[in-house]
Amino acid sequence: MAREKIFTGPADGAVASTVRSSAAGAPAANAFDDRALDEELRPSRLADVVGQRKVVERLEIMLAATRMRTEPLSHILLDGPPGLGKTTLALALAKELDVECQITSGPALAAPKDLLPYLTNASGNSILFIDEIHRLPAAVEEFIYPVMEDFRVDIVLGEGLNARTINMKLKPFTIVGATTRSGMLTAPLRDRFTFREHLEFYEEPDLAEIVRRNAIKLRTKIDDSSALEIARRSRGTPRKSNNLLRWARDFATVKQKEGLITNEIARQALAMLEIDVLGLEEQDRKYLRTIVNVFGGGPAGLAAIAHTMNCPPDTLEDEVEPFLLRCGFIQRTPRGRIVTASGLNHLSG
């Protein structure tokens, strides 16, 4: 199983290098050229993070207190929908403290032995970032309890009457967990995180600022109205806005010799992706049309809608419905899904 470490060096505005090592311990360094560094869209410092101001302010206080006491940062749990910057914040914390950051995920840790290399290789005051931590198996979760509380690993050798336990002390370090489904975390694991921060969806002005900054990193030009147009259709998610910005850059490169993303170019690019002014995609509109045209506006069961659309029910529930619920275009009732008056107005508009 591959293990990834990101080493953050002195404050140079970008990650210095990435080193991947295999389970056999054979390192392979990837050297980035200047262009690759410039195209790194993640902000490397908390001061460069746009949006989530309350969360960033609290993290800055935690960092200041940690520096004053010269001790490891307390364990932090970051929760929120995908694409809002949980990984970015974890890497920024490591950069601020000038320490090493190891990255793994809950599904990759199938057994306690998979976690051991990260623990034994963790340097003092470093950060271990565990993405999708709610997917940790029960055995790994119980194994990590003494690690978080006492920086100790309990290893059982042998079986039956001959079994004995070895206690291995670890260097103090910080675990930063990220989850998109905090309700699936067990209470014992959740309570072991000293701080918990919830990330909210971004406002349009913040997303527009992210688009403007990342356009510079991508070596393309964009005007303010175009940045706002992309932000408006990004569903409040920076990851989505970055993806749309890359598409608009490609579209402008082909359609215009100068490569400038104007408002008209941005609208044409997003129209080709079939993304409307509110960020709804064709599948979202098809979902609404199915309930209206086939089921008379509802109520309609999820399975019936999925069969009509020839789409898996979990895809509709996980990918389509959350944004439509946020927009107030549908309602979930005990009898099924219903399209609201706002949803009907948007379809007819």
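Computed from a predicted structure; not experimentally measured.
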Check the pair Leu91, Cys101 against side-chain contact (heavy atoms from CB on, under 4.5 Å), reporting the backbone distance first and the verdict last.
CA-CA 7 Å; Leu91 295 178; Cys101 181; 3.9 Å; yes

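For the pair Arg67 and Glu96, the salt-bridge criterion is met [side-chain N within less than 4.0 Å of a carboxylate O]. Under a 4.0 Å N-O distance rule, the pair Arg232/Glu229 qualifies as a salt bridge. One finds a salt bridge joining Asp284 and Arg235 here, because a Lys/Arg side-chain nitrogen approaches an Asp/Glu carboxylate oxygen to under 4.0 Å. Between Arg233 and Asp276 there is no salt bridge, since no side-chain N of the basic residue sits under 4.0 Å from a carboxylate O of the acidic one. For the pair Arg213 and Glu209, the salt-bridge criterion is met [side-chain N within less than 4.0 Å of a carboxylate O]. A salt bridge between Arg337 and Glu321 is present, with a side-chain N of the basic residue lying under 4.0 Å from a carboxylate O of the acidic one.
Annotation: side chain to side chain donor-acceptor pair (under 3.5 Å) contacts involving residues 289-314, sequence neighbours excluded, comprise Glu282-Arg289. Residue pairs satisfying the ring-ring contact (aromatic ring centres under 6.0 Å, His included) criterion with at least one member in residues 183-220, sequence neighbours excluded, are absent.
By the 4.5 Å side-chain criterion applied to Ile, Leu, Val, Met, Phe, Trp and Tyr, Tyr287 is assigned to a cluster that also includes Val277, Leu278, Leu280, Leu288, Ile291, Val292, Val294, Phe295, Leu302, Ile305, Met309, Leu316, Val320, Phe323, Leu324, Leu325, Phe329, Ile330, Val339, Leu344, Leu347. Through ILVMFWY side-chain contacts below 4.5 Å, Met68 is grouped with nothing and stands alone.
The salt bridge (charged side-chain N to carboxylate O under 4.0 Å, His left out) test applied to Arg326 returns no partner, not counting sequence neighbours.
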Please output the side-chain donor-acceptor pairs of residues 169-177 that fall under 3.5 Å, not counting sequence neighbours, one pair per line with the distance.
from	atom 1	to	atom 2	distance (Å)
Lys169	NZ	Asp150	O	3.2
Thr174	OG1	Leu73	N	3.3
Thr174	OG1	Leu73	O	2.4

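Asp223 and Ser226 share a donor-acceptor pair across their side chains, judged by distance under 3.5 Å alone. Between the side chains of Ser182 and Arg196, a donor-acceptor pair is found at a separation under 3.5 Å.
Judged purely by atom type and a 3.5 angstrom limit, Arg249 has no side-chain atom pairing as donor or acceptor with the backbone of Arg219.
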